[in-house]
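We use all heavy atoms of the structure for the numbers below, so side chains are in, but hydrogens, waters and symmetry mates are not. So you know, we letter chains A, B, ... as the sequences are listed, proteins then strands, and number each from 1.
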Number of protein chains: 2
Amino acid sequence: MNKKYTIKDIAEIAGVSKGTVDRVLHKRGKVSKTALEKVNTVLDRIDYRPNLIARNLKNTKIFNICVLLPDPKIDIYWEGCIDGINDAIEEFISFNIAVKTYFFNPTNTNSFIENNEEILKTSPDAVLIAPLFYKEAVEIVKNYNALGIISVTFNNYLKSNVIKSFVGQDLFQSGKVAGRLLEILVKKGLIAILHIDEDYENAIYVQEKEKGFRAYFNQVNNTNYTIKTCSLQHPNFKRSFYEFIEAHPNLAGIFVTTSKAFQVAEITSKLDKKIALVGYDLLKSNLNYLKSFDIDFLIHQNPKRQAYLGVVHLIEYFIFDKEIPTKKLLPIDIINSENANNYI
Amino acid sequence: MNKKYTIKDIAEIAGVSKGTVDRVLHKRGKVSKTALEKVNTVLDRIDYRPNLIARNLKNTKIFNICVLLPDPKIDIYWEGCIDGINDAIEEFISFNIAVKTYFFNPTNTNSFIENNEEILKTSPDAVLIAPLFYKEAVEIVKNYNALGIISVTFNNYLKSNVIKSFVGQDLFQSGKVAGRLLEILVKKGLIAILHIDEDYENAIYVQEKEKGFRAYFNQVNNTNYTIKTCSLQHPNFKRSFYEFIEAHPNLAGIFVTTSKAFQVAEITSKLDKKIALVGYDLLKSNLNYLKSFDIDFLIHQNPKRQAYLGVVHLIEYFIFDKEIPTKKLLPIDIINSENANNYI
DNA sequence: TTAAAAAATGTGTTCGAACACATTTTTGAT
DNA sequence: ATCAAAAATGTGTTCGAACACATTTTTTAA
């Protein structure tokens, strides 16, 4: 382990006071050219790293981080985020960090906007935000930037040059993962890409998954398959899905692009032929069908870890002056009946 | 955020000096019953948590952690551990932690023992150890315990009541994961469990994988398969494997229990029929065959994260008085051609 | 009762970075 | 040359926990 230098050491070596060293390090106050050169000569020679422990003890400013995400009571997918956020809080409990979580109704843009107003009242230093509503989110982060508030997004990618960072999964690539899985599950026939309860035209993230899925089959140039997109909505989901099945007797596999594979499995599990099924997310109802082999694989988006990393990145930025990665992509976890328990 | 109390606050509320509060907190020196009660009454009322930042600034003892693992130059599987260890070091760079890594030759118990002697000379506070040599490792950790040195194992489980913790993968369960994967890959026929270059009688870890694999098929009671164990060694590996293939024309799938699936793929990729293949570990040579679909899945043991967690657990124990989990099992990551890049 | 020893308490210092403010030096104007 | 202002430097303090050591109080023995 290299010797750890202190400001006092540098002052002694350079022949100046610790006040002058401090002023050089922080470009603060006034320093003569002579003193500046003396100190910089020493700094060039040694690997000085400030004692971050000491720094944080002295600094009493509390950094205020807000998290804005959909209400897990309305969409259970987001439940793990709470744990992820709390893990981050606990890990940095000794540092001056305040983290506050706000939930918006994922079916109501007004809720999104109102919660944002509440957040602004707290004068946050940074906001971690799941930008479900694209248009509104773009305006919000622009406003943050104007106010000097750092914004980081997670789960849903938002193209914007004022966002500091994105934490999430490469959805295009996850579509390719699903493609490979379905290729193994099904030797030939029709594979449906199923969007459930999504406004397909506006849901960029399901489009990305579909693109990746199709790209996989283009890439391997496998002509044994027909791929068909199908977009179904509640409350007619069941009836529409039955009609789709009857209209496509060579249906062999289904790729569900949202968390709702369990709704498909509920129906396919009762058919007298096996239809392969790949979906997303470790909801309890999905897991039940995974364990009974009615769902073959799930792709884990790990919202808990997304939220955790989003908060940790911000904390480390404030506390340790650590660079925030522009984009942090999570692994694309493939889940089967036998490894599911390791991920929940 | 709750108010953070200091020792000074407690002293004021209790009507004693901060020295007395310190003595109560640390059961140090002498404290009268009266003062003890006064302070404890306050402590019962508030959630006092010491400022760990301040504590670590004052404490100048350097905790000495050693890591003993196989030489990645000899077995590349362990290469990621270096990065994992360095990540942990970097993350706690501001704390008084010294981490030193020692490599032993994984084919030579003397090397293991000699490195252990070197470690003992440094009077470590803790050792993270990959106990490849079961018998020798048991003696070593007993000695550590007698010397008050904390030992944590990773990757290979070692049954011992003096080891503080194990970080690794549930190998039995990983065998079940492989079972489910092979069940999907192959509808019927012979599946071989292949141990390559392992002294099967002594290699508990490949036995565990096999047990898990067989347990999966017992559990689903699927009679479409015959499962056969095969143990092959270099330098006759190729010849023996060809003989095995010719002796078993209905061979449909292979489960390789070690990192050496690439050696199998080298041969199966040239056959005029497809044999499904599931192996372990993201060695470059395995990844190449995964990308060309000659290996269908790999199970990632994530040695990097094992080493990282092992070191982090020790650091947090020393620095934050954090409990070390007795056993920390990593997720059993299923890797296909499309998500591999996310894990390397 | 008194003095010495033991018990108990209180005060000051340390860790290292950040920074306020006191003090010294330099510069510019008269 | 002198004085005032600006530039520059140095010293002290703060953050909170741990702990050494000075000081006070209580107990014990004669």
Just by distance, no angles: are the side chains of [X] and [Y] close enough, under 3.5 Å, to form a donor-acceptor pair?
X: B:Tyr343; Y: A:Asp333; value: yes
X: A:Thr41; Y: A:Asp44; value: no
X: A:Asn116; Y: A:Tyr144; value: yes

[X] side chain to [Y] backbone, donor-acceptor under 3.5 Å:
X: A:Asn96; Y: A:Asn59; answer: yes
X: A:Asp9; Y: A:Thr6; answer: yes
X: A:Ser111; Y: A:Phe104; answer: no
X: B:Gln169; Y: B:His300; answer: yes

In residues 314-324 of chain B, what residues come within less than 4.0 Å of DNA chain D, judged by heavy atoms?
-> none
Ordered by number, residues from residues 9-22 of chain B within less than 4.0 Å of DNA chain D (heavy atoms) are B:Lys18, B:Asp22
Any ring pair (Phe, Tyr, Trp, His ring centres under 6.0 Å) involving residues 27-66 of chain A? Give me the pairs, sequence neighbours left out, ordered by first then second residue.
-> A:Phe63-A:Phe318
Within this structure, what is the [atom1]-to-[atom2] distance between [X] and [N], rounded to whole angstrom?
X: A:Lys33; N: C:dT26; atom1: NZ; atom2: P; result: 17 Å
X: A:Asn56; N: D:dG16; atom1: CG; atom2: P; result: 13 Å
X: B:Lys8; N: D:dC15; atom1: NZ; atom2: P; result: 7 Å
X: B:Arg55; N: D:dA17; atom1: CZ; atom2: P; result: 9 Å
X: A:Arg49; N: C:dG16; atom1: CZ; atom2: P; result: 16 Å
X: A:Asn51; N: D:dC15; atom1: CG; atom2: C1'; result: 13 Å
X: B:Asn96; N: C:dT14; atom1: CG; atom2: C1'; result: 14 Å
X: A:Leu25; N: C:dG16; atom1: CG; atom2: P; result: 15 Å

For nucleotides 5-7 of chain C, list the nitrogen or oxygen atoms of the protein found under 3.5 Å from its nitrogen or oxygen atoms, one pair per line.
| residue | atom | partner | partner atom | Å |
| --- | --- | --- | --- | --- |
| C:dA7 | OP2 | B:Lys30 | NZ | 3.3 |

Tell me whether the OP1 or OP2 atom of [N] has a side-chain N or O from [X] closer than 4.0 Å.
X: B:His26; N: D:dA18; answer: yes
X: B:Arg28; N: D:dC19; answer: yes
X: A:Tyr48; N: C:dA17; answer: yes
X: A:Ser32; N: D:dT9; answer: yes

Go through [options] for me and flag the one nearest to the [X] side chain.
X: A:Leu57; options: C:dC15, D:dC15, D:dT9; result: D:dC15
X: B:Ile7; options: D:dA18, C:dA17, D:dG10; result: D:dA18
X: B:Lys58; options: D:dC15, C:dT9, C:dC15; result: C:dC15

Sub-4.5 Å side-chain heavy-atom contact between A:Tyr317 and A:Ile150 = yes
Show me the donor-acceptor pairs, under 3.5 Å and distance only, between side chains in residues 10-19 of chain A and residues at least two apart or in other chains.
| residue | atom | partner | partner atom | Å |
| --- | --- | --- | --- | --- |
| A:Ser17 | OG | A:Gly19 | N | 3.4 |
| A:Ser17 | OG | A:Thr20 | N | 3.3 |
| A:Ser17 | OG | A:Thr20 | OG1 | 3.3 |

If each of B:Ile53 and B:Arg23 is mapped to the nucleotide of DNA chain D with the nearest heavy atom, which maps nearer the 5' terminus, i.e. the 5' end?
-> B:Ile53
Qualifying side-chain hydrogen bond (donor to acceptor under 3.5 Å, both in side chains) pairs, either residue in residues 145-168 of chain A, two or more places apart = A:Tyr77-A:Asn155, A:Asn155-A:Gln306
Is the CD atom of B:Glu117 crowded by more than 12 outside heavy atoms at less than 6.0 Å?
-> yes
